[in-house]
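Down below is the structure, laid out as structure tokens.
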2 protein chains.
Amino acid sequence: MPERPKTAPATLHDVAREAGVSLATASRSLNGSARKVNDDYRQRVHEAAARLDYSPNLSAQAVAKGASSTVALLVSNIADPYFSSIAAGVIRGAEAQGLIVTMAVTERSSARELQLVRTLRGQRPRVIILTGSRFEGPRSQDALVAELTAFTNTGGRVVLISQRELPFSAVVVDNYAGARRLANVLFEQGYRRFAAIGGDRGLMTSGDRLSGFADGLAEHGIAIHPDHITRGEFTRDGGFAAAQELLTKGIEAVQLVFAVSDVMAVGAMSALREGGRSAPDSIAVAGFDDIPMARDVTPALTTVNIPLEEVGMRAVELALSSTATTSDSVVTVGTRVIVRASTPLVRAGD
Amino acid sequence: MPERPKTAPATLHDVAREAGVSLATASRSLNGSARKVNDDYRQRVHEAAARLDYSPNLSAQAVAKGASSTVALLVSNIADPYFSSIAAGVIRGAEAQGLIVTMAVTERSSARELQLVRTLRGQRPRVIILTGSRFEGPRSQDALVAELTAFTNTGGRVVLISQRELPFSAVVVDNYAGARRLANVLFEQGYRRFAAIGGDRGLMTSGDRLSGFADGLAEHGIAIHPDHITRGEFTRDGGFAAAQELLTKGIEAVQLVFAVSDVMAVGAMSALREGGRSAPDSIAVAGFDDIPMARDVTPALTTVNIPLEEVGMRAVELALSSTATTSDSVVTVGTRVIVRASTPLVRAGD
DNA sequence: ATCATTTCGGAATAGGCTTTCCAACGTAGA
DNA sequence: TCTACGTTGGAAAGCCTATTCCGAAATGAT
């Protein structure tokens, strides 16, 4: 039978009184303090705590200790499978260390991102993890860097995911190499004439994947015609629109469309289908990320696997590892080309 | 140029000293206090704060005010699009109220759920939101109810999503009615012979949808043969396995498979395809939830739309609305049948 | 010009917890 | 039996902020 305190939560003070011990003893009993307390007392305190439904006030603990037990995570859009997979990894990694995750979404706005970092910093989290690729360009990030630096100066850790340009630790994906290898694999499957769908100009992830892909093709003396590269938002709808644009421009001769992310590839496949060029029969499509959904669309999507959940876990580990204390370190996770039904072998003479 | 405090974050005290005012004045200047402070002072304080990279300590504020500014959200699995869409809504709703969201994942384990509620309660969040349907059954939830009751007794708000059995406020989806309507629509499209895939027995969401569907068919004198109902985990793989089981049992005559969730339906489509019964030509498939992905699979999935993001927002609003203070209230959100390519019209005589 | 009000800065207290410091106790060694 | 030392409980200080309570200054009215 739980009590009915009606109003204020039980405090440690209440527990101490109920157990007939001092505050200090109660505190030492209920958390793993360095000092021992007599088993009799321990027990009395625990019983009293149970009786009062006591739950330690984490905020008060944070104030007293000067360190909270949270990890702050910023994502562009939690409903996007790319980010939600990373978030799952972050949550798992944090939990392994007994930390709680607080999350905020930036909606891909730098202004919001800055604002959120400001707010989140107030939580005094142990770590702030930023995902979602930044825009290139010199000055655009100054305020953010200043804010993050202030945070690290006071003992906080910052980890960037998939972003190496800012002076902080990072978990990065070798987008360039992955895309390059993808291009090679596709060439070997017989593809020769390509189109590409990128993210907004200046988005680094998109840029790296695009140039990796282009360089991979260049190894075989192939170039993508500039008219066959379109750009859109880094979303399903962005991919849809970009593919429509390709159709308008005319891609009759094109055999395969490479989209720089799976969500864009999925949108593109829908647009292509509506435009009468269904994959895989009329045109092939490849993506990047290997989000869970890539397996289940029809045709299943050829893509470059990133161990998304591992990326999230690694970010937490990196932040908390001692080496990260002294200097910024970068962990690179590998990628793997995954060939599925969306890019069948090209018949000779096609 | 940010300072280099090297160690401890600047405190309000530091700001006050730097600005040459009292602690009280600094506090009143930096947050929207009820009392006014002279513009000169305000300015001085703000400048000092900027100079010191001051960021208010949210934990300390929470202790001083006796109320934190966080919302705690529990989901089964954040990588599942159903939950990540709801989470997006919760985050948006919380942000509208200036609240921060902390998230934890239960992995569908009651034990973990209880444990997490205990931990989260320590945050003294304004609201705890639980998603993921509970299992039916009398006593299994006692400990959880006790914990949540202790929380509400001390002024916290609890909101359940898609769950009406526990004595707390809830945002519920009319699963029964939606499934029933779906059955009617499918009947009108000409379907007569059905199979169904459910979640684990005892999972309420699954049960409601299954019985709604069955009742909808019963209105037209149709029943599903017991052999044509299988169950699996509430995941993509669960749907895959359940569909395989259906194939084994033999569903030659079946025209349409209804899965109680879209993720299961997606898994089922894959299994059916592998088994030589591709949708929509060889068999039709319908799901429930209308996750974003439902649009993009091929064939696009007929399903019952739930405004997932709205559900999340509503949960926050409900928790914070004054009416919820006095008694537990239930908000029901409507559903809408969405017909897509996975359930084409049945040719007469088929 | 005087008195009643209002305005607003500052000192002090509260809030829940951790931790340092002190003192009392018990044990062991001589 | 006496001293030295390690244990362990308790009192109190400290963490950072909000807010109450005072008092002084400024304002307005008569």
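Below, chain A is the first sequence line, B the second, and so on; all start at residue 1.
Among pairs with a residue in residues 66-80 of chain B, none fulfils salt bridge (Lys or Arg N to Asp or Glu O under 4.0 Å), at least two apart in sequence or across chains.
B/T25 and B/S22 share a side-chain donor-acceptor pair at under 3.5 Å.
Rounded to whole Å, atom P of D/dA11 lies 10 Å from atom NE2 of A/H13. Protein atom CG of B/D14 is 12 Å distant from nucleotide atom C1' of D/dC15, rounded to whole Å. Residue B/R17 contributes atom CZ, which lies 12 Å from atom P of D/dC16 at whole-angstrom precision. Rounded to an integer number of Å, the gap from A/N57 CG to C/dG16 C1' is 6 Å. In this structure, NZ of B/K65 is placed 19 Å from C1' of C/dC17, rounded to the nearest angstrom. Protein atom CG of A/L58 is 14 Å distant from nucleotide atom C1' of C/dT18, rounded to whole Å. To the nearest angstrom, P of D/dG9 lies 11 Å from CZ of A/R42.
When distances run from any side-chain atom of A/Y54 to the nucleotides C/dG15, C/dC17, C/dT19, the shortest one goes to C/dC17. Listed nucleotides C/dT19, D/dA18, C/dG15 differ in distance to B/L12; the shortest reach to its side chain belongs to D/dA18. You'll find that the side chain of A/V63 is closest to D/dC15, out of D/dT17, C/dC17, D/dC15. Nearest nucleotide to the B/N31 side chain, out of D/dA18, D/dT17, C/dC17: D/dA18. In the set D/dT17, D/dG9, C/dG16, the nucleotide with an atom closest to the side chain of A/N38 is D/dG9. Nearest to the side-chain atoms of B/K36 among the listed nucleotides C/dT18, C/dC8, D/dC16 stands C/dC8. With distances taken from any side-chain atom of B/V37 to the nucleotides C/dC17, C/dG9, D/dT17, the minimum falls on C/dG9.
Look at A/S27 and you'll find a side-chain N or O under 4.0 angstrom from OP1 or OP2 of C/dT18. Phosphate proximity of C/dC17 to A/Q61: absent, as no side-chain N or O sits under 4.0 Å from OP1 or OP2.
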| query | Which is it for A/V172 and A/S162 under the side-chain contact (heavy atoms from CB on, under 4.5 Å) test, yes or no, and what are the steps along the way? | reply | CA-CA 4 Å; A/V172 304; A/S162 192; 5.8 Å; no
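Using a cutoff of 4.0 Å between basic side-chain nitrogens and carboxylate oxygens, B/R112 and A/E95 are scored as salt-bridged.
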Could you write out each protein N or O paired with an N or O of nucleotides 10-12 of chain C at a distance under 3.5 Å?
{"from": "C/dG10", "atom 1": "OP2", "to": "B/S22", "atom 2": "N", "distance (Å)": "2.9"}
{"from": "C/dG10", "atom 1": "OP2", "to": "B/S22", "atom 2": "OG", "distance (Å)": "3.4"}
{"from": "C/dG10", "atom 1": "OP2", "to": "B/T25", "atom 2": "OG1", "distance (Å)": "2.8"}
{"from": "C/dG10", "atom 1": "N7", "to": "B/R28", "atom 2": "NH2", "distance (Å)": "2.8"}
{"from": "C/dG10", "atom 1": "O6", "to": "B/R28", "atom 2": "NH1", "distance (Å)": "3.4"}
{"from": "C/dG10", "atom 1": "O6", "to": "B/R28", "atom 2": "NH2", "distance (Å)": "3.0"}

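The CG atom of B/L148 sits 7.5 Å away from atom OG1 of B/T152, with the distance rounded to the nearest 0.5 Å.
Partner of A/L130 under the side-chain contact (heavy atoms from CB on, under 4.5 Å) criterion, out of A/V159, A/L73, A/L144: A/L144 alone.
Remark: A/E107 CD is packed, more than 12 non-hydrogen atoms of other residues, nucleotides or ligands lying under 6.0 Å away.
Along DNA chain C, the nucleotide nearest B/D39 and the nucleotide nearest B/R124 are compared for position; the residue whose nucleotide lies closer to the 5' end is B/D39.
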